[in-house]
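A quick write-up on the structure given underneath.
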Amino acid sequence: MDAIYRPEVIEPDAQQHWEEKQAFKASEDTSKPKYYCLSMFPYPSGKLHMGHVRNYTIGDVLARYHRMKGYNVLQPMGWDAFGLPAENAAIANDVAPAGWTYSNIEYMKKQLKSLGLAIDWSRELATCGPDYYRWEQWLFTKLFEKGVIYKKMATVNWDPVDHTVLANEQVIDGCGWRSGALVEKRDIPMYFFRITDYAEELLSELDNLPGWPERVKTMQRNWIGKSFGVEIHFPLQPEGKGDVLKVFTTRADTLFGVTYVAVAAEHPLAQQAAAHNPALAEFIAECKQGSVAEADMATMEKKGMDTGLKVYHPFTNEPVPVYVANYVLMGYGEGAVMAVPAHDERDFAFARKYCLPIKAVIKPTDAELSLPLEAAYTESGVLFDSGDFSGRTSDDAIEKIALVLKNLGLGERRTTFRLRDWGISRQRYWGCPIPIIHCPTCGDVPVPEDQLPVVLPEDVKIDVGSPIKKMPSFYQCTCPKCGGQAERETDTMDTFVESSWYYARYACPDLDSAMLDGRANYWLPVDQYIGGIEHAILHLLYARFFHKLMRDVGLVSTNEPFANLLTQGMVIAETYYREQPDGKKLWLNPADVETVDGVHVLKSDGKPVIAGGTEKMSKSKNNGVDPQAIIDKYGADTARLFMMFAAPPEQSLEWSDAGVEGAHRFLKRLWKAVHDHTQAGEVSAYSGGALGDGLTDLRRQLHQTIAKVTDDIERRKQFNTAIAAIMELMNAMAKVEGEDALTRSVKQEALEAIVLMLAPIVPHICRILIKALKPGACLVGSPWPAVDEAALVRDEIELMLQVNGKLRGKLKVAADAGKDAIEAAALVAPEAIRFMEGHPARKVVVVPGRLVNIVV
RNA sequence: GCCGGGAUGGCGGAAUCGGUAGACGCAGCGGAUUCAAAAUCCGCCGAGCCAAAACUCGUGGGGGUUCGAGUCCCCCUCCCGGCACCA
C-alpha cells in the first residue's frame with residue numbers, strides 16, 4: 001500500500017470496481033434473511049445538498065452493515081421527479097420541465113455515485129416516466145370503479161389576477177407570490193381518496209409498529225384524531241319541528257351552557273340569512289379572502305356576525321342566536337359548532353368580543369367556580385344548572401344526554417375523525433395525468449386499461465397555468481363507453497401519490513405487464529426506512545394508506561409498508577450577512593467567510609460580517625455548503641465520516657469545517673497506523689496464548705468495542721458513539737509499545753476489527769486497508785467481526801463510593817464480590833469513615849457493578 | 001393557534017434501565033520536532049477558591065419525588081419540525 005492516503009485515487013477506483021463487479025445488485029434469495037434498506041428518494045432539484053448526503057450515508061451504513069452480517073440486502077434509488085419546482089424553473093429559465101428534470105437527474109446521479117453508496121442502480125426509477133405512472137393510473141381506474149375514489153367540491157387558494165390555483169407556500173401574507181393579489185378561497189371539483197374509510201385501521205395498526213419512533217406514531221394518532229362525541233340537532237323551529245342544524249361536540253356535558261351557535265360562511269343558513277342582509281353578505285365575502293392553510297385560519301383574528309336567525313335548544317327550547325364565524329370550516333364535521341363560552345377558550349374569547357352571555361354549567365368535583373369566570377373552565381367536572389342532569393359527572397352526563405337526545409330524535413353518539421379525505425387533483429402541468437374522460441352522456445369514465453398510459457406531453461412551453469389545459473390534442477378524445485365526443489381530465493395528481501408506492505415498485509421496476517408481481521412480496525415490508533422528520537405525517541400516512549389499498553386489490557400481502565423507521569434531523573450551518581444601504585440583508589456563504597481572532601470577515605475583502613445564527617441550510621440564507629466541494633477536497637469517506645460522527649442521526653447536525661478537518665485527520669491516522677504496522681511484515685491475528693496485563697487489557701477493550709459498536713449500529717442506530725468508541729480503541733492501541741510477535745498479533749487482531757467495523761461508514765479506505773492487512777481479502781463479502789466472550793472477563797472491578805449520595809472515593813472489589821462483602825469493604829474505606837464523621841450508617845445502597853452509597 | 005420534539009463546557013456532542021456529568025472530536029493553551037512554517041507527536045483544558053490538595057457549585061428557569069435526578073413529575077421561557085397544494 002501507498003504510504004500516503006490519497007482519497008482522490010482510491011475512491012474512484014473502488015467505485016469503478018464495485019460497478020464492474022455489480023457488487024450491490026440484489027436478487028431474490030430465500031437461503032438468506034432479506035434486508036430491504038430504503039432512503040427516501042430525492043426530488044431532483046439540481047444538485048445534491050447536505051441533507052441528501054446525510055440521509056443516504058445513514059442508509060448506506062445500515063445496508064453495508066447488514067450485508068456483512070449475512071443478509072440479502074436491497075438498497076435501491078430513484079427520483080421523485082414530478083412537482084412544482086420544475087414548473088417554476090421552467091418559467092424562470094424558459095425550458096421545458098421535463099428537460100430540466102432529466103438533466104438534474106443525470107447530474108445528481110453522478111454525484112450520488114461519487115459518494116460510494118452500495119446501491120443496486122439497475123432498479124433506478126423516475127416517477128415522471130410513463131412506465132412508472134402508467135401503473136398509478138391503472139390503479140386509479142380500479143379504485144375509481146371500486147368507489148374508493150370519488151369527486152366532490154373542495155376549497156383552494158385562487159389568484160384572481162393570474163387566474164391560477166396557488167399552493168399554500170405560494171400564498172404570502174394572504175397574497176399571491178407572483179401577482180401580489182389578495183388571494184380568495186374558491187370551490188372547484190376534485191377527486192378524493194377515501195382515506196377516512198381506513199382511519200380506524202391506520203390508527204390501530206400503529207400499535208403493531210414497534211420499529212417506529214414513538215413521536216411519529218403520536219403525531220399520526222393526533223392527526224387521525226379519533227374522538228368520541230355526540231351529534232346534536234338544534235331545531236330551526238320551536239318545539240323541535242322541521243329542519244335542524246347539526247353540530248358535533250365532544251363536550252355534550254356542556255350543552256346547557258350553549259349561548260350561541262356558529263356556522264361557516266359557506267353554510268346554507270349563512271347564505272340564506274345573507275340574502276336579505278347586505279352587511280352579512282359583505283362579511284361572508286370577507287371570510288372568503290385569505291388562504292386555506294390551517295395555520296393561517298388558526299392564527300387570524302376570530303371574527304363573527306349575528307345572522308339574526310335563531311335555532312332552538314333541544315332540551316330547554318330556548319332560542320339560540322346563530323353567528324357566522326370565520327374560524328368555522330365548512331369542510332370539518334357539519335360546518336357548524338355549538339359554542340359554550342364558559343368551557344371553551346376560543347368561544348370565551350369570541351363571547352367577550354361580541355358581548356355574548358357566558359353561562360357556566362360545569363364545576364370542579366371538589367370546589368366551586370368563582371363567578372363571573374375570568375377564563376374558560378375547560379376541565380371536566382360536575383354539572384350544575386343543567387336541568388335533570390345537574391349533579392352528574394361529565395362522563396356520566398355525556399352518556400345520559402346522548403341517550404335522551406336519541407329518544408327525542410335530536411341526536412346520537414358519534415365517533416368522528418379529524419382526518420379528512422385526501423384530495424389529489426392538482427391544476428398543474430408537471431404531474432401524473434388523472435385517467436378520466438368526461439363524457440356529456442356517460443359522465444366520468446375511467447380510461448380503459450388498453451389505452452393507458454395517458455402520456456403527459458413533455459415538449460411544452462409554460463408560463464402561467466397548465467399547458468395541457470390549452471392543448472386540444474391532449475384533451476380532445478372520444479368516450480370509451482359511447483364513442484361520442486368527450487374531453488380528457490386535465491388535472492394531474494398530487495405528487496404524494498407517486499411517493500406512496502415507489503418502495504414497492506423497486507422490487508420489480510422492469511415489469512411491464514403489471515404494477516407489481518411476487519417479487520414485491522419477497523422484499524416487502526421495507527426493513528429500514530430512512531428520511532427526514534418533516535415527513536412524519538403526510539408522506540408516511542399516505543404511503544401506509546396506499547399500501548392497504550394495494551393489499552385490498554391483491555397486489556401485496558402485508559399490512560404495513562415500513563417495519564422500521566428512522567427520522568433524521570436537518571443539516572444546519574452558521575449564517576452571515578451584511579446590512580445593505582437599503583437596510584436589506586445580503587447573505588454571505590459560510591465558505592467565503594473566515595474567522596480571524598474571533599472576528600468573522602469576508603475572505604475576499606477582509607472586512608467584518610455579522611453572524612446571523614445557525615439555521616437549516618437554505619438558498620434564502622445562502623448558508624448551504626456544497627457537498628461536491630467537500631468531496632473534491634477531502635473525498636467521500638471524510639464527508640461520510642463527519643456526517644456520522646458530528647451528531648446522532650435523529651438530531652440536527654451542525655456543519656463545521658473544522659470538524660470535517662478532524663474527520664479527515666482521523667482517516668489519515670488510521671491509514672498511517674495500518675501502513676506502519678504492515679511495513680514491519682505480515683503477521684496473523686492473535687489466536688491464543690498467555691498475555692501480559694497490557695495486552696489482556698487491550699484485547700478486553702477491543703472486544704468490548706466490537707460489542708458496543710454492534711449494538712450502536714444495530715439496535716441504537718447511533719453512529720457517533722460507535723465511531724467514538726473506535727477512536728478510543730485506536731488511542732489505547734497507540735499507547736501499547738512493543739514489536740514482538742505476540743504484541744503484533746494482538747495489534748493485527750485489533751486493526752482487522754477496526755477496519756471491518758469502519759467499513760460500512762468509510763468503505764473506500766477500508767477496502768484498501770483490509771487488503772493491506774490480509775493480502776487477498778475482499779471488503780465486500782467480509783463478515784462483521786465477532787466478540788470473543790473470553791476476552792471480556794475481568795477479576796477486579798471498581799465501584800463508586802458515595803456518602804449521602806455524594807461521590808467520595810472509589811472502591812476496588814473482586815468481580816464476583818457479594819453485596820455483604822461490598823458493604824463491609826465500603827464501611828471501612830478511609831473516604832467513607834472521613835465523610836461519615838462518626839455517624840452510624842442508617843442504610844447502605846449497593847448497585848451491583850456500579851456503586852455503593854452509605855446513608856447516615 | 002393546534003400537534004410533536006429540543007435546550008448539557010468556548011463549540012459539536014457523550015452519559016443506553018434513576019447510579020462516576022462532560023467520553024470522543026473541534027477550538028484554545030503549553031511543549032517536542034523544524035533554520036522557520038505547515039504537517040505530525042505529547043500534555044493541559046466546566047466554574048469558584050487557588051501555589052496545590054481538599055472542598056463548593058454546575059446539565060435553559062422555578063418547584064417536586066428519591067439514599068441518589070441531565071434522566072421521572074408539575075409549571076415557565078426560548079428554539080426547531082408539521083398543520084392537509086413545497087417535497
Side-chain angles (χ1 to χ4, degrees), chain A residues 40 42-43 45 80 83-85 88 156-157 165-171 213-216 218-219 221-223 225 291-300 302 327 331 345-346 418-428 494-496 499 532-539 541-542 567 569-570 572 595 598 613 615-616 642 645-648 650-663 665-666 668-669 672 708 711-712 715-716 718 720-721 723-728 731 734 798-807 810 842-845 847 850-856:
Chain A
M40 289 180 186
Y43 178 78
S45 54
D80 187 13
L84 204 49
N88 297 335
V156 295
N157 302 307
V165 175
L166 298 176
N168 282 333
E169 73 154 11
Q170 295 174 316
V171 180
E214 211 48 57
R215 58 171 164 157
V216 174
T218 304
M219 280 191 262
R221 279 188 196 106
N222 291 340
W223 184 262
S291 94
V292 298
E294 197 199 76
D296 294 336
M297 302 290 290
T299 48
M300 71 188 175
K302 309 286 178 291
Y327 62 86
E345 278 168 28
R346 193 172 55 181
R418 204 187 76 98
L419 182 69
R420 311 197 295 259
D421 274 341
W422 177 16
I424 55 106
S425 294
R426 297 291 179 270
Q427 298 67 44
R428 308 194 194 294
D494 181 0
T495 57
F496 273 125
S499 56
I533 182 68
E534 66 272 23
H535 297 292
I537 297 173
L538 292 181
H539 162 60
L541 191 67
Y542 291 146
T567 48
M570 302 175 299
I572 57 180
T595 305
E615 301 201 35
K616 177 177 176 170
F642 171 74
F645 180 63
E650 306 228 289
Q651 279 180 38
S652 60
L653 181 149
E654 189 177 325
W655 185 259
S656 153
D657 287 330
V660 176
E661 293 268 5
R665 257 201 302 273
F666 174 76
K668 283 199 285 189
R669 230 173 13 244
K672 188 171 184 300
K708 180 181 171 51
D711 186 52
D712 277 352
R715 181 182 62 88
R716 297 214 301 154
Q718 192 159 308
N720 55 330
T721 50
I723 295 165
I726 294 169
M727 286 174 168
E728 281 183 79
N731 293 343
E798 198 173 53
L799 298 183
M800 297 304 116
L801 176 59
Q802 295 184 339
V803 178
N804 284 340
K806 290 201 170 174
L807 182 68
K810 291 172 185 180
R842 273 200 299 137
K843 184 173 169 185
V844 180
V845 182
V847 183
R850 287 276 188 183
L851 59 72
V852 45
N853 184 20
I854 301 169
V855 186
V856 299

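Just the heavy atoms: all of them, side chains too, but no hydrogens, waters or symmetry mates, feed the values below.
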- Task: Under 4.0 Å between any heavy atoms, over every strand shown, what does A:Met727 touch: base, sugar-phosphate, or nothing? Just pick one.
- Result: sugar-phosphate
- If pairing means Watson-Crick or G-U wobble with both distances under 3.5 Å, then the partner of B:C86 is none
- Query: From the list B:A87, B:U16, B:C11, which nucleotide is the closest neighbour of the side chain of A:Lys708?
  - Reply: B:U16
- Query: When only distance counts, do a donor and an acceptor, one from the side chain of A:Lys806 and one from the base of B:U20, lie under 3.5 Å apart?
  - Reply: no
- Examine B:C26: is either OP1 or OP2 under 4.0 Å from a nitrogen or oxygen in the side chain of A:Ser656? Give yes or no. no
- Does B:C17 fall in syn (glycosidic angle within 90° of 0) or anti? syn
- Message: Using the side-chain heavy atoms of A:Asp80, tell me which of these nucleotides is nearest: B:A84, B:A87, B:A23.
- Response: B:A87
- Just compare B:C24, B:G1, B:G5 and give me whichever is closest to any side-chain atom of A:Ala295. B:G1
- Query: Can you tell me the Watson-Crick or wobble partner of B:A7, both distances under 3.5 angstrom?
  - Reply: B:U77
- Message: Counting only Watson-Crick pairs (N1-N3 plus N6-O4 or O6-N4) and G-U wobbles (N1-O2, O6-N3), all under 3.5 Å, who is the partner of B:G30?
- Response: B:C42
- Electrostatic pair A:Glu294:A:Arg420 at N-O distance under 4.0 angstrom: no
- Query: Between A:Gln651 and B:A7, does any side-chain N or O lie under 4.0 Å from OP1 or OP2?
  - Reply: no
- Task: Using both distances under 3.5 Å as the test, list the Watson-Crick or G-U wobble partner of B:C24, or none.
- Result: B:G12
- Could you tell me whether A:Glu661 and A:Lys668 have a side-chain N and a carboxylate O separated by less than 4.0 Å? no
- Message: Looking at A:Arg850, I'd like to know if its CZ atom is crowded, meaning that more than 12 non-hydrogen atoms belonging to other residues, nucleotides or ligands lie closer than 6.0 Å.
- Response: no
- If pairing requires Watson-Crick or G-U wobble contacts with both distances under 3.5 Å, which nucleotide is the partner of B:A51? none
- Identify which nucleotide among B:G12, B:A87, B:A39 has an atom closest to any side-chain atom of A:Lys668, counting heavy atoms from C-beta outward. B:A39
- Task: Among B:A87, B:U20, B:G81, find the nucleotide with the atom closest to the side chain of A:Arg850.
- Result: B:U20
- Watson-Crick/G-U partner (both atom distances under 3.5 Å) of B:U59: none
- Assign A:Thr721 to base, sugar-phosphate, or nothing according to its heavy-atom contacts below 4.0 angstrom with the strands shown. sugar-phosphate
- Message: Does A:Glu534, at its CD atom, have more than 12 non-hydrogen atoms belonging to other residues, nucleotides or ligands within less than 6.0 Å?
- Response: yes
- If you check every side-chain atom of A:Leu807, which of B:A84, B:A21, B:G12 has the closest atom? B:A21
- Message: Check the orientation of A:His539 and A:Phe496. Use parallel for under 30°, tilted for 30 to 60°, and perpendicular for over 60°.
- Response: parallel
- Message: Is B:G9 syn or anti, taking syn as a glycosidic angle within 90° of 0?
- Response: syn
- Task: Looking at every strand, decide which applies to A:Arg669 at a 4.0 Å heavy-atom threshold: base, sugar-phosphate, or nothing.
- Result: sugar-phosphate
- Note on the structure: By the Watson-Crick or G-U definition, both distances under 3.5 Å, B:G70 is matched with none
- Item | Base B:C67 paired with A:Asn853 side chain (donor-acceptor, <3.5 Å) | yes
- Message: From C-beta outward on A:Gln802, which listed nucleotide comes closest to its side chain: B:G19, B:G12, B:A87?
- Response: B:G19
- Task: Compare the minimum distances between each of B:G19, B:G1, B:A15 and the side chain of A:Glu294, then state the nucleotide with the smallest one.
- Result: B:G1
- Item | Of the listed nucleotides B:G19, B:C24, B:C11, the one nearest the side chain of A:Leu851 | B:G19
- Task: May I ask which nucleotide in the shown strands pairs with B:U65, Watson-Crick or G-U wobble, both distances under 3.5 Å?
- Result: none
- Task: Could you check which of B:U20, B:A27, B:G81 has an atom nearest any side-chain atom of A:Arg665?
- Result: B:A27
